[in-house]
Amino acid sequence: KGKTGSRLVDPVVRGDLQEAAVVGGLLLVDATLETAAPAEMQRAFAAAYPGLAVNESVDDAIGRLDENPDALVGLLSGIKGKLFEQRAADALSAELPVGTRVELATSATQPGHDLEFIRDSGEVYGVLQAKAVSTPAEIIEHYERYPEIPVIATEEVRATLADHPALARWQPDVAVSDLDDEMAQLVDGASSIEAIPLGTSAVLLWHLSTGEGDLEARLCRAGDVIGR
């Protein structure tokens, strides 16, 4: 059992420290994995902001804009739009005949449409516009400019527009309120990553090298301190 003031060269203490280092590392990795943005969000971020995604993750981008709320809202709006497009493309592709699929437009700012129907040959044979909004104003505006390009929209907008000719026949089962909740969780997760105390491992090592009792008892005491 460990004793108060035990020297770090003591083989017993050294073994405890090695085990504690592993435990501490696993705790930090677990905390990071629980709060890091899902791959789907990273993918949406990269699609919306390919230039930024080369040098930073979505969590990094959110942290960088933490004190600039207007810019952060703009960032999240772009991510939300691409997330909506990705899910619509995946759902629609699953319903198409073999040899055809739906992909996001090559350009993140392609005018008039966001999604493309593509054959295996590479031929684009149809397009759609996607609008992850809660009110119909943008969809009406799109219809006035591009009446030939149908729109897929959120549940809230479809309830308002009903059978408006702007809407495509196929529509995804996605609510903008759910997307907004996911954006809030994304911000919370990024904030949690920044809040993970880098001194956690140091606390563990300190208590295991100087504390009384066996390894389990010292780990418990270290956990009490870290949780304060």
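Any value given below was found using the heavy atoms of this structure, including those in side chains, with hydrogens, waters and symmetry copies removed. Note that the numbering runs from 1 along the sequence shown for the chain. Since we're looking at a predicted model, the values are computed, not measured.
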(message) Both conditions, 6.0 Å and 45 degrees, for the charged tip of R119 above the ring of Y125: are they met here?
(response) yes
(message) Within the structure provided, determine whether S57 and F45 are in side-chain contact (heavy-atom separation under 4.5 Å).
(response) no
(message) Rounded at 0.5 Å granularity, tell me how far CZ in R87 sits from CG in L179.
(response) 6.0 Å
(message) Any carboxylate oxygen within less than 4.0 angstrom of a Lys/Arg side-chain nitrogen, looking at K82 and E85?
(response) yes
(request) Supply the atom-to-atom distance L76 CG to D180 CG, rounded to the nearest 0.5 angstrom. (result) 9.5 Å
(message) With a sphere of 6.0 Å drawn around CD of E148, does it hold more than 12 non-hydrogen atoms of other residues, nucleotides or ligands?
(response) yes
(request) Using modelled atom types only, decide if a donor and an acceptor are shared between the side chain of D114 and the backbone of A130 within a distance under 3.5 Å. (result) yes
(message) For the CD atom of E182 and the NZ atom of K80, what is their distance to the nearest 0.5 Å?
(response) 11.0 Å
(message) Please report whether the ring centroid of H164 lies less than 6.0 Å from that of Y143.
(response) yes
(request) Give the cluster check for V157 versus I140: same hydrophobic cluster or not, with ILVMFWY residues linked at side-chain heavy-atom distances below 4.5 Å. (result) yes
(request) Could you pull out the closest heavy-atom pair between P150 and L167, with the gap in Å? (result) CB-C, 4.5 Å
(request) State plainly whether the residues D120 and R101 are in salt-bridge range, i.e. N to O under 4.0 Å. (result) yes
(request) Mind checking the CG-CD spacing from L128 to E116? Nearest 0.5 Å is all I need. (result) 10.5 Å
(request) Is it possible for you to say whether V151 and W170 belong to one hydrophobic cluster, with membership spreading through side-chain heavy-atom contacts below 4.5 Å? (result) no
(request) Flag yes if more than 12 heavy atoms outside E138 fall under 6.0 Å of its CD atom; otherwise flag no. (result) no
(request) Determine whether I152 and L161 fall in the same hydrophobic cluster, where Ile, Leu, Val, Met, Phe, Trp and Tyr are linked whenever their side-chain heavy atoms lie under 4.5 Å apart. (result) no
(request) Determine whether L104 and L52 fall in the same hydrophobic cluster, where Ile, Leu, Val, Met, Phe, Trp and Tyr are linked whenever their side-chain heavy atoms lie under 4.5 Å apart. (result) yes
(request) Find the distance between OG1 (T154) and CG (D173) and round it off to the nearest 0.5 Å. (result) 11.5 Å
(message) Do V187 and L65 sit in one hydrophobic cluster, given that two such residues count as connected whenever their side-chain heavy atoms are within less than 4.5 Å of each other, even indirectly?
(response) yes
(request) Report yes or no: does R158 contribute a side-chain atom to a donor-acceptor pair with the main-chain N or O of P172 at less than 3.5 Å? (result) yes
